[in-house]
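Protein chains get the first letters and strands the later ones, always in sequence-line order, with residue 1 at the start of each.
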Amino acid sequence: MVRFAAAACVAIAALACDGFGGPAAAQTGEEVRAATETVFARYAPRILQVQVVEVGSAARVATGTAFFVAADGRMLTNYHVISEWIHEPESHRIEVLQPGGEPTVATVLTVDVISDLAVLATGQPTTEYFRLGTVSLRQGERLYSLGYPGDLGLSIVEGTYNGELQYTLYPQIHVTGSINSGMSGGPTITGNGAVAGVNVATMGNQRGFLVPRERAVELLAHTDEPDFAPRDRFLDLIAEQVNAFQDAFLDGMFEGEVPRVEIGRFRVATEPGPIFRCWGGANREPERLVETLEHACNTDDGLYIADGQWAGTVSLHHQVERSTGLSARRFTRHLQSVFGEDRTPAGSERHVTRWSCTVRNVRVDATTARVAYCIRRLRKLGELYDVVVKSAVLGDASTGLISTLSLAGVSADNAERVATRWVELNGWQ
Amino acid sequence: MILERFDPRHPRVALERVAMADAVLTIGRALDNALVLDDPYVDAHHARATIAADGTAALEDLGALNGLELLGTGRVDRVVLAPGMHLRLGRTHLRVRDAAAEVPPALPLAGAALGAGYWLHRRGVGLGLAALATAWTAHEAWIEKATRDAGTVALTAGVMLLAFLAIWAGCWALTGRFLVRRAAFGAHLAVVGLACIAMLVLGLVHGWVDFLFPARTGLWSSVAGSSYAAIAAATVVLHLGFATTMPARRRWTRVAQSSAGIVVLALAYNALDENAFTDVPTFSSTIRLAPAEMLPATSPDGFVRAAAQARASADREAAKTRE
């Protein structure tokens, strides 16, 4: 009796759910597999593999995916797939290829480094392309990600739409599915071939992220404009985009009322904006003779510029040290060594100069702090800099605060303004 | 002229000397010679030195079995003697010296003759200075470590420094033993101990100056670096003074020349290294304990000016290597 009722419930549920449509809703395993095969067969011709080749050595330095979005053969991919070419166009070339075909050289029409998108063209028209239109997605909807994971050939990955992230620079789409890094630049589509977004990143553990198709539509529309022409030097375009972005991003940051938090006997700035994520920690091992309290916030997201080079990130770190068994001199020396620790981001000679540092003792109201200001210039992006400001509050024999603020890809004016505010905001209660 | 018999393994001390005053000087194993050589490879009447009226002296072979050898030339029958010549008869070595040659002045042995070095030679001064340097270094090591095991670290540092001081002073003492026949280990220990203390004082002063006035940190580093070099040079000069017969001016000249050589090497290394890329920043992290209100400090505006200077430096570097 009970078993019959249970079976009936399941049957009724299946019937009820089936009526709402959508390929991901309450299908049997076989039906789902059949849908995936169909999707793959139908849309595979629209996907291409992208590779960036070094001209001298014919070595492949980057690989990714692109897909046709217009009848004249324009393709979409990620900026980060072709960033090597962007930085050194004379010594690289971009090639696209499909299974069984020969590599074709592709040119770049435009890029958007904020959305991590790029529009490519080969000049050869195509009948197979995705039409970017409106699509509304529901939580849990079945999606299919297409792309070339490394040299494993064109692949399709089943995924689930899981909403949009709120703490990133722009709302990224979260897809649960094993998107592989080689699939960057490929599309994630519904079963009907509607593009939900462009594969852009993965955090492992089946956490994948897409650039929403709205941003791709905007970028493509830009290339449709009558007076559109590709730039001579795309680095200039990227510099403009990053410059505009950091101006908007830092506008008003640390101005006015900034949230503060009390740690020990200090009051420090925290969470300067909604897209910051903060955490704290404590180290109270008795072996150490000092107690350390930490509080840090950073923007989870940033702009990928090139290998090892990011822009538009802000991170702050507070470290309060309190002596539990050290003499005044020893504690002061300990504070000195903490202040001297290197927390600067790495960098390569290709993209940045060396750090140029200056140190001053600065007094603001009741707080005197030793402040180190280190700055390095991004070589290829106009007048943009990485800056690290580190301050150590002086004068006490048993407790001290070391606050570090790190900015990547900012203008000099913004850097100096924010650094000054940083020094003013952290101090004694 | 003087004829000296000596052992080539211990050339500094002559075994026997004879002045060539008479017109004829006979040399051989027989006891009726003016210079008797107890060498079984020397003939009874082996050689004869004759001095002419004008003062020139000549040595001739009297037909000895093993003959007369002038080192550097070979076997000779007759040779005109000159100061510096090294001769061999059988297995006996002779050399010719100029009786009027100048000898260096006597070295001070004790008391007021030592001058300023007197205090360094006094018993216990060396150990005292070395002990002070060791204790200070151990204390510094202890301060550096903010953990419970700081004591063991400090002890290790102290022992290692003491060992270094002893070895350093020991090497100089051995040199002195060999060159001036006086080890004076205590004096050498005092010199290096004093040098350590001077460097520790310099480090202390440099740290405070850099902490109070960080705007000129480069200048302070240059001054400190030069001072460390000067201390090292003065130390070597003092060591040379106690361990060798070098006159004062020559000691200073030699040390100055070596220091100049080292400085040139360091500058060359620095120049080649100048353009080496690194993504690690260097800044002065010196922090000292002092009442905050009493520290010389700048306002945020002054800080912004400093920041702009740093930016200008980064701009210059970017411009330098641009295509």
Side-chain angles (χ1 to χ4, degrees), chain A residues 286-290 325-337 339-340 342 344-349 352-364 366-368 370-377 379 383 385 388 390 392-397 400 412 415-416 419-420 423-424, chain B residues 139-140 142-150 207 210-215 217-218 274-323:
Chain A
E287 264 303 299
R288 292 176 72 236
L289 301 177
V290 282
L326 292 177
S327 70
R329 280 196 72 195
R330 286 176 85 191
F331 179 73
T332 308
R333 192 62 62 91
H334 168 73
L335 215 57
Q336 173 181 303
S337 76
F339 184 61
D342 174 25
T344 57
S348 79
E349 190 174 8
V352 290
T353 64
R354 288 173 296 185
W355 289 104
S356 168
C357 295
T358 182
V359 176
R360 293 289 187 275
N361 296 332
V362 183
R363 180 167 294 126
V364 177
T367 302
T368 310
R370 190 170 182 85
V371 185
Y373 180 88
C374 289
I375 183 169
R376 70 181 177 195
R377 179 151 166 171
R379 288 186 189 276
E383 294 189 18
Y385 305 84
V388 174
K390 188 187 300 206
V393 174
L394 304 170
D396 196 285
E416 282 154 26
T420 315
V423 172
E424 290 167 355
Chain B
H139 181 64
E140 283 295 312
W142 181 70
I143 287 182
E144 282 290 330
K145 259 266 166 172
T147 52
R148 268 189 219 287
D149 63 345
D210 191 53
F211 171 60
L212 294 172
F213 308 106
T217 188
E274 261 264 292
N275 292 318
F277 179 80
T278 170
D279 63 0
V280 175
T282 49
F283 57 89
S284 159
S285 65
T286 334
I287 293 183
R288 295 286 181 269
L289 184 61
E293 324 81 53
M294 293 175 51
L295 294 175
T298 179
S299 66
D301 285 336
F303 170 69
V304 170
R305 279 195 294 278
Q309 280 175 15
R311 185 229 314 179
S313 173
D315 287 341
R316 277 194 298 275
E317 182 174 336
K320 247 194 325 186
T321 46
R322 216 171 264 288
E323 298 90 27

- With a 4.5 angstrom heavy-atom cut-off, which part of B:Ala308 approaches chain A: side chain, backbone, both or neither? both
- Note on the structure: Comparing B:Ala215, B:Ala297, B:Pro214 against chain A, the one with the most heavy-atom pairs below 4.5 Å turns out to be B:Pro214
- Message: Can you list everything that forms a ring pair (Phe, Tyr, Trp, His ring centres under 6.0 Å) with A:Tyr385? Sequence neighbours excluded, please.
- Response: none
- Test salt bridge (charged side-chain N to carboxylate O under 4.0 Å, His left out) applied to A:Arg329 - qualifying residues, sequence neighbours left out: B:Glu140
- Measuring heavy-atom distances to chain A, does B:Thr217 have an atom under 4.5 Å in its side chain, in its backbone, in both, or in neither? neither
- Note on the structure: Residue from B:Thr278, B:Leu212, B:Asp315 scoring the most non-hydrogen pairs under 4.5 Å with chain A is B:Asp315
- Relative to chain A, which of B:Gly302, B:Ala150, B:Ala307, B:Ala314 shows the most heavy atom pairs under 4.5 Å? B:Ala307
- With a 4.0 Å cut-off, would you call B:Glu317 and A:Arg377 a salt bridge? no
- Query: Counting heavy-atom pairs under 4.5 Å to chain B, which of A:Glu383, A:Glu349, A:Arg354 comes out on top?
  - Reply: A:Arg354
- Message: We want to know whether A:Arg376 and A:Thr353 form a side-chain donor-acceptor pair, criterion being a heavy-atom distance below 3.5 angstrom.
- Response: no
- Task: Answer yes or no: is there a donor N or O on one side and an acceptor on the other, between the side chain of A:Trp355 and the main chain of B:Asp279, under 3.5 Å?
- Result: yes
- Heavy-atom pair count under 4.5 Å with chain B, highest-scoring of A:Arg360, A:Arg370, A:His334: A:Arg370
- Item | Part of A:Thr367 within contact of chain B (heavy atom distance under 4.5 Å) | neither
- Message: Can you tell me how far apart OG1 (A:Thr344) and CD1 (A:Ile375) are? Round to the nearest 0.5 Å.
- Response: 13.5 Å
- Query: Does any non-hydrogen side-chain atom of B:Lys145 lie less than 4.5 Å from one of A:Arg333?
  - Reply: no
- Against chain B, work out which of A:Cys374, A:Ala372, A:Gly340 has the most heavy-atom pairs shorter than 4.5 Å and name it. A:Gly340
- Can you say whether A:Ala397 sits under 4.5 Å from chain B via the side chain, the backbone, both, or neither, judging by heavy atoms? both
- Indicate whether any N or O donor in one side chain lies under 3.5 Å from an N or O acceptor in the other, for B:Ser299 and B:Asp301. no
- Query: Out of A:Pro345, A:Ala366, A:Ala346, which one racks up the most heavy-atom pairs below 4.5 Å with chain B?
  - Reply: A:Ala346
- Query: With respect to chain B, which residue among A:Val359, A:Leu335, A:Val388 yields the maximal number of heavy-atom pairs within a distance under 4.5 Å?
  - Reply: A:Val359
- Note on the structure: From the list A:Val364, A:Val423, A:Leu326, the residue making the most non-hydrogen contacts under 4.5 Å with chain B is A:Leu326
- Under a 4.5 Å cut-off applied to non-hydrogen side-chain atoms, are A:Phe339 and A:Gln336 in contact? no
- Task: Using non-hydrogen atoms and a 4.5 Å limit, figure out which bit of B:Phe211 sits close to chain A: side chain, backbone, both or neither.
- Result: both
